[in-house]
Amino acid sequence: MTTHHSIPSSMDRSGSNQHSAVHADRLTVGAAVTLLVISVLHTAAFAFHQWWGPWLAGPLRTEQLPMEAVAQFWGLPGGFVVPGVLLALLILQTGRRGHTMPAYVGVILGAWALTCVWIVGPSGFLLLLVPAVLLLVARGRARRRAP
């Protein structure tokens, strides 16, 4: 059984003050927080290197940089961090409102993680299975509770 946190809402859609409680979906919120933590850890792991100067100078548009510079680009500023944070914030907002994400979000996130693990082997992509599973479990529980 899932325990829900109560988040008070001071205004309804009409703008009047009403103190109603929205029960956050803890598994959905947990998935969002996990995805945010993964994004922060990924940034911390890849942020410190010598390629920021050359990237910001613009040679990726005009010159052939070493493969290491290109790989680092796709590992951080061109990688999943920004879309991952945006997805995490959307999931967080949804969970705080007491809703769950559609099942396809967890399925696609998990399938992407497993595909990347298949390609590169055991890596940080395995961590993405945590929010994927949390999203799927939250969705399954919500469907069982629905009339």
Side-chain angles (χ1 to χ4, degrees), residues 1-52 54-56 60-61 65-147:
M1 182 169 185
T2 303
T3 306
H4 296 285
H5 279 52
S6 192
I7 300 172
S9 173
S10 60
M11 294 185 139
D12 67 9
R13 290 182 188 248
S14 66
S16 66
N17 281 336
Q18 291 185 352
H19 290 288
S20 62
V22 174
H23 297 288
D25 186 275
R26 290 181 65 185
L27 291 175
T28 302
V29 170
V33 170
T34 303
L35 191 52
L36 282 171
V37 168
I38 291 168
S39 296
V40 168
L41 291 174
H42 187 272
T43 301
F46 290 99
F48 302 103
H49 53 76
Q50 74 271 17
W51 299 111
W52 284 105
W55 290 343
L56 296 175
L60 282 176
R61 295 181 300 238
L65 288 179
M67 186 56 145
E68 179 187 351
V70 176
Q72 282 288 89
F73 173 80
W74 290 111
L76 193 58
F80 88 95
V81 171
V82 172
V85 168
L86 290 172
L87 177 61
L89 293 174
L90 176 64
I91 294 169
L92 184 62
Q93 180 183 36
T94 300
R96 285 183 172 169
R97 290 181 176 174
H99 301 290
T100 61
M101 297 299 290
Y104 62 79
V105 175
V107 168
I108 291 172
L109 185 61
W112 176 57
L114 290 173
T115 300
C116 290
V117 168
W118 176 259
I119 293 169
V120 300
S123 63
F125 283 106
L126 286 170
L127 295 174
L128 291 172
L129 294 176
V130 174
V133 169
L134 288 173
L135 290 171
L136 291 171
V137 171
R139 185 64 179 174
R141 286 184 176 180
R143 292 185 81 192
R144 282 193 299 276
R145 284 191 305 257

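Positions are given from 1 along the sequence.
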Scan the side chains in residues 120-138 for donor-acceptor partners under 3.5 Å anywhere in the protein, sequence neighbours excluded, and list what turns up.
{"residue": "Ser123", "atom": "OG", "partner": "Gly121", "partner atom": "O", "Å": "3.4"}
{"residue": "Ser123", "atom": "OG", "partner": "Phe125", "partner atom": "N", "Å": "3.3"}

Trp51 side-chain N/O to Val70 backbone N/O, donor-acceptor pair under 3.5 Å: no
Residues that Pro83 engages under side-chain contact (heavy atoms from CB on, under 4.5 Å), provided they are two or more places apart: none
side-chain contact (heavy atoms from CB on, under 4.5 Å) partners for His42, two or more places apart: Phe46, Leu76, Phe80, Val81
Pairwise distance CZ(Arg141) to CZ(Arg26) - rounded to 0.5 angstrom: 10.0 Å
N/O donor to acceptor pairs below 3.5 angstrom from side-chain atoms of residues 101-119, sequence neighbours left out:
{"residue": "Thr115", "atom": "OG1", "partner": "Ala111", "partner atom": "O", "Å": "2.8"}

Could you list the donor-acceptor pairs under 3.5 angstrom formed by side chains in residues 27-35, with sequence neighbours left out?
{"residue": "Thr28", "atom": "OG1", "partner": "Asp25", "partner atom": "OD1", "Å": "2.8"}
{"residue": "Thr34", "atom": "OG1", "partner": "Gly30", "partner atom": "O", "Å": "2.7"}

Where His49 and Trp55 come nearest, the two heavy atoms and their spacing: CE1-CH2, 3.2 Å
His99 and Arg139, any side-chain heavy atoms less than 4.5 Å apart: no
